[in-house]
There are 2 protein chains.
Amino acid sequence: MVERGRRRIPEATVARLPVYLRILYDLATEGVANVSSERLAELAGVNAAKVRKDLSYLGSYGTRGVGYDVEYLVYQMSRELGLHRPWPVVIVGAGNLGQALANYAGFQERGFPVVYLVDVDATKVGVQIGQATVRHLDDLPQLVQEGGVTIGVIATPGSVAQEVADRLVQAGVTAILNFAPVVLTVPRGVSVRKVDLAVELQILSYYEQRRSAAAGPPLQAVPAGSRRGASA
Amino acid sequence: MVERGRRRIPEATVARLPVYLRILYDLATEGVANVSSERLAELAGVNAAKVRKDLSYLGSYGTRGVGYDVEYLVYQMSRELGLHRPWPVVIVGAGNLGQALANYAGFQERGFPVVYLVDVDATKVGVQIGQATVRHLDDLPQLVQEGGVTIGVIATPGSVAQEVADRLVQAGVTAILNFAPVVLTVPRGVSVRKVDLAVELQILSYYEQRRSAAAGPPLQAVPAGSRRGASA
DNA sequence: GGTTGTGAACAAATTCACAGCG
DNA sequence: CGCTGTGAATTTGTTCACAACC
């Protein structure tokens, strides 16, 4: 039985841990052995107190007066995020976006091998894209089973996204990353994260519009404004 | 002089408005003239009180006992988000992702025409992708000027993302959507939003790992768990 | 009657500030 | 002395619950 003292980590913190992790990897690669919350905060573009609080949810892995051991923190953080093992992924939708995602090396590198790319278009079936072969949507249950897939990525048009989600869940997938501009309904216990590219631009648009309304139209100097939708 | 009673809308609300807007468009297309906060909440996957509070930041555009006029709400919301005019976009990086984004019709449709795709690779220059022509990175200042571009999308490898951001800002861009897995540093007043695909998967991984640790490994039934990273 | 709009209660997240420890 | 870890204070976001109004 897998059992540990499982703290519940706040959502906001969970969303930041992968960012710290990437930075820690980089530091490790540069041969940096130790890092302070101050430095890590600077690299992550956040407040140092926030870093310390976030890391404290993992346990007390720092050393007072010194900082955090980079390697050890990478290890603990990876473990907590479940990255000690690969999570094979299936991408549904072999259009532009699906293909680009399948070709994106970052998935593979960070432990999310794209084992299958799935589409309804029979003419695409069999084609090799990145590490993945295109298979037919109807084979989903079998593929999920055989590939040990628990995470699905939806890269289809919005019109079919809900149906695809249903089929993914039916096939046994319990986590979905949705690129379709649609709000998905899934059973309780299934995780969904959404990436809506146009929504991101619309959010930027809001702050752009405010800028121009505030500063008087045709000017591009930056008048020391306050924080905007920035995550810099 | 552009001047209005400019309320400051909370960030969390700004991030949801585009979602409501898309739903309202769909409703309008279906010929629905009126919608209640309850119904809109259901479609957006949120709480009805939240919808009302969010919409109240736009002004009092509902009718008690009736609901919200769909067309009118679309109009007001678009105006507030700055969507009454197009925001031409330049995408930097003509790799897989950059090309997929340039081909994505949703940008154009929602008022973000991709006017240029920019790359350092001279062999790509001149190629037509979607509505955009590939141009050389060195032409950025000129392109931004001529195209009236204020929003840039970074679809390059992480290693050059900061430099690209600097050049975008230098060229006059004031909002950046960053797909590179890097924390960007930009001057105050420049908006940045980040989409990190691997980070999204790592967040899902956390909840997946928790699931398997909790339920005992090889099982795929859903034991009525509590809410997870879901935005369904 | 039905639904909005909003103060007030509550919850989550962030930041402060400092005791505790290496 | 320096930096972590964390209670306490503050800010931001969510939800409740109901008066106001059509």
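Only this structure's heavy atoms are used, side chains among them; waters, hydrogens and symmetry mates stay out. To find a chain, count down the sequence lines: A is the first, B the second, and so on, and within it residues start at 1.
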Note to self: Looking at the base of C:dT3, is there any donor atom on it, or on the side chain of B:R64, that sits under 3.5 Å from an acceptor on the other one?
What the structure shows: no
Next item on the list: Scan residues 48-60 of chain A against DNA chain C and write down, sorted by residue number, each residue with any heavy atom closer than 4.0 Å; if none is found, say none.
Entry: A:A49, A:K50, A:R52, A:K53
Note to self: Check the phosphate of D:dC22 against B:T63, side-chain N and O only, distance under 4.0 Å to OP1 or OP2. Yes or no?
What the structure shows: no
Next item on the list: Mind running ring-ring contact (aromatic ring centres under 6.0 Å, His included) on B:Y61 and B:Y72 for me, showing each step along the way?
Entry: CA-CA 8 Å; B:Y61 297 139; B:Y72 188 57; 5.4 Å; yes
Check: Taking OP1 and OP2 of C:dC16, is either one under 4.0 Å from a side-chain nitrogen or oxygen of A:N47?
Finding: yes
Checklist line | Nearest-Å distance for atom pair CD/C1', residues A:E38 and C:dA17 | finding: 14 Å
Checklist line | Non-neighbouring partners of A:D26 that pass side chain to side chain donor-acceptor pair (under 3.5 Å), sequence neighbours left out | finding: none
Item checked: Closest to side chain of A:R16, choosing from C:dT14, C:dT4, D:dG13 -> C:dT14
Checklist line | Verdict with supporting geometry, B:Y20 and B:D54, side-chain hydrogen bond (donor to acceptor under 3.5 Å, both in side chains) | finding: CA-CA 10 Å; B:Y20 301 142; B:D54 284 343; 2.6 Å; yes
Note to self: Is it true that, when you exclude B:E38 itself, more than 12 heavy atoms of the residues, nucleotides or ligands shown sit nearer than 6.0 Å to its CD?
What the structure shows: no
Notebook entry, point to check: Whole-Å distance between C:dT4 P and B:R39 CZ?
Noted result: 13 Å
Margin query: Tell me the interatomic distance from A:N34, atom CG, to D:dG2, atom P, rounded to whole angstroms.
Written below: 16 Å
Next item on the list: May I have the distance from A:E11 (atom CD) to C:dT14 (atom P), rounded to whole angstrom?
Entry: 11 Å
Margin query: Is there a side-chain contact between A:Y68 and the phosphate of D:dG5, meaning an N or O under 4.0 Å from OP1 or OP2?
Written below: yes
Notebook entry, point to check: How long is the line joining CG of A:L73 and P of D:dT4, in whole Å?
Noted result: 11 Å
Check: Does a donor on one side chain and an acceptor on the other come within less than 3.5 Å for B:Y68 and B:N34?
Finding: no
Check: What is the distance from CG of B:L40 to P of C:dG2, rounded to the nearest Å?
Finding: 20 Å
Margin query: Counting only heavy atoms not in A:Y75 (residues, nucleotides, ligands), do more than 12 fall under 6.0 Å from its OH?
Written below: no
Checklist line | Exceeds 12 heavy-atom contacts within 6.0 angstrom, atom CD of A:Q76 | finding: yes
